[in-house]
Engineer: 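Pasting in a structure now, in structure tokens, and then I'll have a few things to ask.
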Protein chains: 4
Amino acid sequence: MNTLKNSVRLVGNLGMDPEVKSFDNNRKLARLSIATNESYKNDKGEKITETQWHHLVLWGAQAKLAEDYLKKGDEVAIEGKLANRNYTDKDGVKRYVTEIVVNEFLKMR
Amino acid sequence: MNTLKNSVRLVGNLGMDPEVKSFDNNRKLARLSIATNESYKNDKGEKITETQWHHLVLWGAQAKLAEDYLKKGDEVAIEGKLANRNYTDKDGVKRYVTEIVVNEFLKMR
Amino acid sequence: MNTLKNSVRLVGNLGMDPEVKSFDNNRKLARLSIATNESYKNDKGEKITETQWHHLVLWGAQAKLAEDYLKKGDEVAIEGKLANRNYTDKDGVKRYVTEIVVNEFLKMR
Amino acid sequence: MNTLKNSVRLVGNLGMDPEVKSFDNNRKLARLSIATNESYKNDKGEKITETQWHHLVLWGAQAKLAEDYLKKGDEVAIEGKLANRNYTDKDGVKRYVTEIVVNEFLKMR
DNA sequence: TTTT
DNA sequence: TTTT
């Protein structure tokens with residue numbers, strides 16, 4: 001447990017159903033996108049909503065739970081940690097992505 | 001305040017002195033890189049340390065405080081929110097970056 | 001902002017409607033009780049639910065929002081800070097209480 | 001893990017060495033007091049520091065780590081959960097206490 | 001005193 | 001790509 005060193009908490013809505021992959025060792029991986037919508041009043045008193053999309057990664061038991069209980073549109077709270085990854089895309093360009101590896105989630109009702 | 005919807009906490013070491021930019025309206029922006037080092041034991045009982053680098057952005061008073069008090073190597077705790085941004089690099093490739101907009105930091109002694 | 005030094009986050013159900021008090025200077029205070037229900041499996045595989053009751057205190061704008069939008073039974077997420085207080089009860093016994101001064105809340109649906 | 005439902009984070013100084021108790025089953029319990037010092041400017045621009053004392057409880061491996069590495073005066077960051085307990089004191093008065101059961105701690109340097 |  |  002290193003939650004003091006690296007911890008993210010989000011509350012938002014899922015933009016997609018979980019994409020689940022199973023590996024040889026039976027271990028599961030689920031991917032999700034979550035949108036956080038934060039609003040504030042600007043100088044003119046207009047309500048502005050800023051949406052951020054975040055990439056979630058779930059492993060093992062959490063992936064299984066996501067597959068069984070979560071779907072597009074659901075509002076969820078998650079706790080996880082930031083992880084950075086890079087890969088080379090189809091055009092040979094090196095890409096960097098930041099993902100949140102989820103430790104725990106709660107579905108809001 | 002939307003800390004319930006989008007909140008990140010990190011404890012780590014700064015990889016650089018703050019890069020500070022001042023704007024016309026006297027508003028300041030500081031950029032920092034922070035490394036979080038998490039360790040665990042693998043299957044063979046060996047201690048593995050995983051380092052993640054994160055991009056921090058500080059505005060206004062927080063930028064001023066960072067400029068005055070923080071330098072490369074310092075251990076700091078930060079609280080902020082995840083924000084995604086994109087730009088086109090010098091080769092015309094669209095790039096996506098995830099940054100943490102810092103609300104608050106503590107220097108550890 | 002001292003959220004790095006002292007921060008509490010709870011998700012639970014309200015055991016009562018907000019108790020609101022107004023002061024001379026028009027400032028409002030609201031009190032709430034919230035139950036957090038955590039479950040786990042014990043040695044025998046039985047599901048155990050442990051309930052903890054927490055005392056919430058809200059001031060000003062947060063008190064007004066609580067008065068307008070929250071009621072007994074609601075599921076809410078809160079962020080606040082721990083504060084300890086003491087008083088002498090009607091029998092002359094000195095009492096210590098721990099309360100959570102709420103900075104922010106979200107009503108779950 | 002129920003860190004989404006009930007989570008406390010504190011950064012402060014220990015008011016005492018850990019008080020450690022060992023049980024028959026070899027399980028350890030450690031108790032600690034931690035002071036959080038938050039400062040702000042009042043109406044007159046004076047700096048006010050408010051100190052809160054919190055009761056920490058650590059079990060098992062965390063208790064052992066506390067016993068070995070922590071002492072009075074140390075600055076530590078902790079993550080844990082709120083738990084309420086009651087007992088009858090030597091005068092027959094029923095007492096309620098709020099404690100933080102620590103999941104994880106970091107010693108600051 | 002809540003909820004599942 | 002979500003939601004209010």
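Each chain gets a letter, A, B and so on, in the order its sequence line appears, and its residues count up from 1.
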Engineer: State whether a side-chain donor-acceptor pair under 3.5 Å links B:Ser7 with C:Arg9.
Structural biologist: yes

Engineer: Rounded to the Å, how far apart are A:Met108 CE and F:dT4 P?
Structural biologist: 15 Å

Engineer: To the nearest Å, how far apart are C:Glu75 CD and E:dT3 P?
Structural biologist: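 In whole Å, E:dT3 P and C:Glu75 CD are 11 Å from each other.
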
Engineer: Verify the stacking flag for C:Trp53 against E:dT2: centroid separation must be under 5.5 angstrom and the ring planes must differ by under 30 degrees.
Structural biologist: no

Engineer: Determine whether the side chains of A:Asn13 and A:Glu75 contain a donor N or O and an acceptor N or O closer than 3.5 Å.
Structural biologist: no

Engineer: May I ask you to say whether A:Lys71 pairs ionically with A:Asp17, meaning some side-chain N is under 4.0 Å from a carboxylate O?
Structural biologist: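 No.
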
Engineer: For DNA chain F, which residues in residues 31-51 of chain C have a heavy atom at a distance below 4.0 Å?
Structural biologist: none

Engineer: How long is the line joining CG of C:Leu106 and P of F:dT3, in whole Å?
Structural biologist: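 It works out to 17 Å between those atoms.
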
Engineer: Do B:Lys94 and A:Val93 make a side-chain contact, defined as non-hydrogen atoms from C-beta onward lying under 4.5 Å apart?
Structural biologist: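 Not touching, per the 4.5 Å side-chain cut-off.
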
Engineer: Atom CG of A:Asn13 and atom P of F:dT3: how far apart are they, to the nearest Å?
Structural biologist: 6 Å

Engineer: Do A:Ser33 and A:His54 meet the criterion of a side-chain donor-acceptor pair at a distance under 3.5 Å?
Structural biologist: no

Engineer: In residues 62-73 of chain C, what residues come within less than 4.0 Å of DNA chain F, judged by heavy atoms?
Structural biologist: none

Engineer: I'd like to check C:Phe23 versus C:Lys28 (side-chain heavy atoms, cut-off strictly below 4.5 Å). Are they in contact?
Structural biologist: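 A side-chain contact under 4.5 Å is absent here.
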
Engineer: Atom CD of C:Glu19 to atom P of E:dT1: distance rounded to whole Å?
Structural biologist: 14 Å

Engineer: How long is the line joining CD1 of C:Ile78 and C1' of E:dT2, in whole Å?
Structural biologist: 15 Å

Engineer: Is the closest basic N to carboxylate O distance between D:Glu99 and D:Arg31 below 4.0 Å?
Structural biologist: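 Result for this pair is yes, salt bridge flagged.
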
Engineer: F:dT1 C1' sits how many Å from B:Asn84 CG, rounded?
Structural biologist: 14 Å

Engineer: I'd like to check the side-chain contact (heavy atoms from CB on, under 4.5 Å) partners of D:Thr51; sequence neighbours left out, ordered by chain and number.
Structural biologist: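 With neighbours one apart ignored, the set is D:Ala35, D:Asn37, D:Thr49, D:Trp53.
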
Engineer: Whole angstrom is fine here: how far is it from CG in B:Leu4 over to P in F:dT3?
Structural biologist: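 In whole Å, F:dT3 P lies 21 Å from B:Leu4 CG.
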
Engineer: Regarding D:Asn6 and C:Glu38, do their side chains bring together a donor and an acceptor under 3.5 Å, going by distance alone?
Structural biologist: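 Short answer, yes.
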
